[in-house]
Amino acid sequence: VFQIEVVGMGPAQSLGRGWLSLARRMASAYFLKTRGNVMGDLVFVAVTTVFFIGAIGYVYFCDRVK
Amino acid sequence: MTANGWFQILLFLIVVLALTKPIGVHIARVFSREWTFLDPVLRPVERFIYRVTLVDENREMHWTEYAVAMLSFSVVSMVALYLLQRAQLYLPFNPQKLGAVPPPLAFHTAASFTTNTNWQNYSGETTMSYLTQMAGLAYHNFVSAAVGIALAITFIRGIARRGEGTIGNFWVDLVRGSLWVLMPVCIVGALVLVWQGVPQNLKPYNTVQLIEPMQVPEADTRGRPVLRADGKQLMSTITGQTIAQGPVASQEIIKEFGTNGGGFFNANSSHPYENPTPLSNFIELVSIFAIASGLTYTLGRMTGSQRHGWAVWGTMAVLFLAGVTIAYWAEAQGNPLLPAEVNQHATALQPGGNMEGKEVRFGIADTALWAAVTTDASCGAINGWHDSFTPLGGMVPLVNMMLSEVIFGGVGAGMYGILIYIVLAVFIAGLMVGRTPEYLGKKIEAYDVKMAMLVTLIFPLVILTFAAISSARGFGTSSITNPGPHGLTQMIYCFTSQAANNGSAFAGLITNTLWYNVAGAVTMLVGRFFMIIPTLAIAGNLARKKAVPHSPGTFPVTTSLFSILLMGTILIVGALTFFPALSLGPILEHLLMLAGRTFA
């Protein structure tokens with residue numbers, strides 16, 4: 001009914017564009033077109049950041065346990 | 001149970017055993033920076049990565065520096081995945097024009113893949129673009145697995161080193177694990193899966209005309225059936241079907257080999273494009289255990305006690321066989337509540353037993369085997385619905401995860417998990433004989449045991465706390481689709497799977513809600529990082545210690561007595577912690593089933 005095609009170069013081309021290029025496109029697409037959800041995103045990025053700061057604090061807590 | 005079923009289970013274990021030494025030797029050589037046959041190709045790539053990222057490959061790290069590097073890497077990766085999902089509509093490789101993933105779901109998914117859990121509150125084929133699948137999810141499949149391997153090697157180094165303050169370089173371990181261990185096998189494995197029929201393309205989905213129209217039940221946005229005024233299910237007629245495809249093979253192999261478990265499709269490895277044949281099923285099963293099994297040999301080789309490595313392997317193998325036997329037996333018994341005229345006996349024409357939620361092409365044995373393997377390891381891939389298992393059959397995957405997934409376990413995670421249990425086991429042995437406990441020449445002291453207890457206690461704390469809140473509040477109970485003890489099991493399974501970084505779903509529970517997305521994400525993050533940090537602390541502390549000579553009072557860790565003690569420690573800690581919850585869930589459901597009681 002349909003054909004399954006092996007395209008080995010697809011992922012390679014995608015990665016070849018480079019992470020910097022991807023980040024630039026993501027940022028421009030995001031800020032130009034996703035304005036309505038910026039607040040929600042800030043909340044979750046902030047939660048993530050706070051968690052990892054807490055985890056780094058936990059590292060030093062474990063290091064100080066006698 | 002059939003002879004054919006047991007043959008497949010034993011063949012699987014034999015193949016895993018045969019792979020243990022070659023994989024273990026390879027991993028040991030990679031992380032000891034000895035020559036391997038891949039060096040001519042990969043060493044220039046490695047040097048290039050260090051030159052670009054300004055990493056000094058000869059600089060070693062204290063455990064705190066190693067942990068902070070690992071956390072920094074994880075937070076950047078997690079935020080990048082979050083943003084990738086949010087912006088996917090405007091990025092390339094999205095032929096279906098799939099929209100931005102909602103913030104709570106994107107947060108949950110980012111946490112899920114960063115922590116190697118891969119619990120999915122979404123259907124891959126209707127939610128994630130090809131770019132998100134490849135550059136976001138598959139990327140995390142590689143690096144989260146590489147982080148796990150790095151941490152296991154760190155712990156092994158901690159045991160092997162004498163009087164050193166460092167445990168390795170996180171960036172070097174990450175790169176070497178990805179390049180030397182994961183990438184080569186995945187390139188070959190993906191091609192093998194393509195040969196078996198797994199798609200690997202970037203084409204839009206196909207739409208095909210059905211030979212005859214089909215009636216399908218309507219569901220609301222939460223997946224619940226829509227009822228008509230007369231109480232019957234609302235049905236709709238469809239005449240065509242969309243066939244999802246994409247770069248599946250490349251993601252499928254690392255999903256198993258890295259014990260990640262996140263499926264390209266919602267149906268995971270029961271989908272014919274993820275797992276088309278019995279051979280692909282077998283390859284994927286072996287892939288799940290391959291690295292974890294090999295790491296036991298690496299442990300023996302790097303610590304200079306090969307017999308200890310095999311003693312750990314033997315312990316894992318016995319616990320694995322116990323789990324798969326119970327699951328296979330329970331599923332082969334069938335459902336006693338079905339009418340007598342339903343033939344549940346195995347014959348040449350049917351697998352018999354409880355076939356609800358199972359693929360006919362895999363049958364009882366392969367589904368029970370997969371359920372045991374995927375939850376012994378922290379994989380989470382499924383080839384049948386655990387929710388449809390009999391109560392005792394479904395309890396096996398749950399218990400496997402409650403034991404912290406140390407029965408082979410996730411890549412790296414299983415090894416450092418069982419090393420924590422070994423620390424506890426030799427500590428108990430030391431108490432019994434009245435001597436300071438020793439493990440492979442290292443004294444196990446108060447600090448090590450305190451850190452081991454932190455690891456042991458954080459795990460049930462996060463599971464039971466979130467499961468208790470969910471079962472007591474409306475925002476938790478409203479997601480239950482099966483009342484009675486089965487609903488409680490769904491909840492406990494949900495948080496156990498996420499805390500253990502397994503990712504398999506019991507199914508049935510509606511988890512794409514604000515509560516389950518946020519609580520699940522926190523559970524996974526705590527379950528991963530708050531257990532890793534004390535583990536690294538033990539590794540750093542062990543590396544600093546000098547070796548003590550072997551004496552008649554030293555507890556041998558190469559004997560069957562050690563294996564029995566280790567098994568006892570694992571089972572008792574797991575049983576004492578979770579038995580009450582299991583009693584109210586699957587055990588009660590089993591007893592009620594025998595009494596003929598069901599819940600509508």
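Just so you know, these numbers use all the heavy atoms, side chains as well, and skip hydrogens, waters and symmetry mates.
Using a 3.5 Å distance cut-off with no hydrogens or angles, the side chains of B:T154 and B:Y66 do pair a donor with an acceptor. Side-chain atoms of B:E252 and B:H271 form no donor-acceptor pair, as typed in the model, at a separation below 3.5 Å.
Among the candidates B:P534, B:A111, B:A110, B:A249, the residue making the largest number of heavy-atom pairs closer than 4.5 Å to chain A is B:P534. Ranked by non-hydrogen atom pairs under 4.5 Å with chain A, the options B:G540, B:P104, B:S74 are led by B:P104. Here B:F530 is the residue among B:Y130, B:W63, B:F530 with the most heavy-atom pairs under 4.5 Å with chain A.
Proximity of B:L536 to B:Y416: side-chain heavy atoms (C-beta onward) are nowhere separated by under 4.5 Å.
Remark: the backbone N or O of B:V101 is not paired with any side-chain donor or acceptor of B:Q85 at under 3.5 angstrom. Side-chain N or O atoms of B:E274 include one that pairs as donor or acceptor with a backbone N or O of B:F264 at under 3.5 Å.
Contacts of B:V518 with chain A are made by side-chain atoms alone, with heavy-atom separations under 4.5 Å and no backbone atom involved. Only the side chain of A:V45 comes within contact range of chain B, with at least one heavy atom under 4.5 Å from a heavy atom of that chain.
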